[in-house]
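Report on the structure given below.
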Amino acid sequence: MTKDWLGSMLDRHSAHLPPRGFRDRVYARIKDDAAVVSPRTLWQNARPWAAAAAILLSVSFWFGWSAPPITELPIAVSRAEVEALLTGVVDLGAWNLVSDDFIDLALANETLGTWVLESGGDFSPSSGLYGYEYY
Amino acid sequence: MARGNLDVGAAWMVQFQNGDDAAFDKIVIEYQGSVFGMLRKTLGSHSMIEDLAQEVFLRVWRARDRYQPRGLFTTWLFRIAFNLALNQIRDDSRKKAQSVQDLESKQGELPDLADNSVTQPLDEQEWSKILDEALADLPENQRVALVLQHYEGLDLAAIGEVLDISPKAVKSLLHRSREKLKAMLVHLRGREDD
């Protein structure tokens, strides 16, 4: 384009350069911007989670809608199962458990540092202490 | 910068999208002068120029994920700057009472051209004031079209993309802006080569 007098005149306008430190201030602004989470950004980040929660809630509600009240749920346990449970309870009650105070954990020989459960005790299978030994 | 190929700005923007922050730095270094100059000539001597120029690059940063390299990078960049400038002009017009006071104080600083003899040369500062005033008298779309064409070298199609109008409409805008400026500045003709 041929430059006319207006073009020459417009060329006399100063070259407006950005002030010193402009670039640094752009980065400072970007840093500040990154530190502030706008409500829009917050919503954008939360949107997938909100959608997932809404779907989960809808599906749960839909499943629960047709279900009977929890108090009316049938408990299907057979007679044989009940009898087996009762038998187990009876068996447990019949066990002869060794009480803790029957076991003497005193240090019998302090010099040797050995433990004995019952000095000179009866360790026969019928004594109830079968299997215990000196250590 | 041929259309259809990535211009250098668009290529840097794509690199930036791919995680190269140094490419963003290249964009700032390369285009800071154009953005600042465009805003300065569009808005005149305004206190918000630097703030708006920073905002342009902040928006470029924020657009990292959404940017699509369609058209020239500069048209996209100037479109951001134009929108910000337009918002500022609208914001200023709402504070018109204050603006009138500013304008009156500015006019007081202008050189008294009527008293100048035809042969007296104008210095750079005086030319800047005269041209600022003349550009400010243009409607904003004419002003931006002229600034983008004369100072940034954009063609009609690119200016049309920035202003969101057809190249034909840009041509009309430019014609009107030039005619109006000529009418305002004709009395200074012959002094531009001083």
[atom2] on [Y] to [atom1] on [X], rounded to 0.5 Å:
{"X": "B:Lys182", "Y": "A:Asp4", "atom1": "NZ", "atom2": "CG", "result": "4.5 Å"}
{"X": "B:Arg59", "Y": "A:Asp33", "atom1": "CZ", "atom2": "CG", "result": "10.5 Å"}
{"X": "A:Leu6", "Y": "B:Leu146", "atom1": "CG", "atom2": "CG", "result": "7.0 Å"}
{"X": "B:Gln54", "Y": "A:Asp24", "atom1": "CD", "atom2": "CG", "result": "10.5 Å"}

[X] to [Y] - nearest heavy-atom pair and separation:
{"X": "B:Phe36", "Y": "A:His16", "result": "CD2-O, 3.6 Å"}
{"X": "A:Val26", "Y": "B:Phe57", "result": "CG1-CB, 3.7 Å"}
{"X": "B:Glu50", "Y": "A:Pro19", "result": "OE1-CG, 3.4 Å"}
{"X": "B:Leu135", "Y": "A:His13", "result": "CD1-CD2, 3.9 Å"}
{"X": "B:Gly33", "Y": "A:Pro18", "result": "CA-CD, 3.8 Å"}
{"X": "B:Leu185", "Y": "A:Met9", "result": "CB-SD, 3.5 Å"}

Verify, without hydrogens or angle tests, whether B:Tyr151 (side chain) and A:Asp11 (backbone) share a donor-acceptor contact under 3.5 angstrom. no

Donor-acceptor check, side chain of A:Arg29 to backbone of B:Asp51, threshold 3.5 angstrom: yes or no? yes

Considering only heavy atoms and a distance below 4.5 Å, find which of B:Ile29, B:Val35, B:Leu131 pairs most often with chain A. B:Leu131

Most contacts with chain A, counted as non-hydrogen pairs under 4.5 angstrom, among B:Ser128, B:Ser34, B:Ala134, B:Gly37: B:Ser128

Pick one of side chain, backbone, both or neither for B:Val186, based on which atoms fall under 4.5 Å of a heavy atom in chain A. both

If hydrophobic clusters are built by linking Ile, Leu, Val, Met, Phe, Trp and Tyr wherever their side-chain heavy atoms come under 4.5 Å apart, do A:Trp62 and A:Leu56 end up in the same one? no

Could you check if a side-chain atom of B:Gln32 sits within less than 4.5 angstrom of a side-chain atom of A:Leu17, using non-hydrogen atoms only? no

Which atoms of A:Ile30 are under 4.5 Å from chain B, going by heavy atoms: the side chain, the backbone, both sets, or neither? both

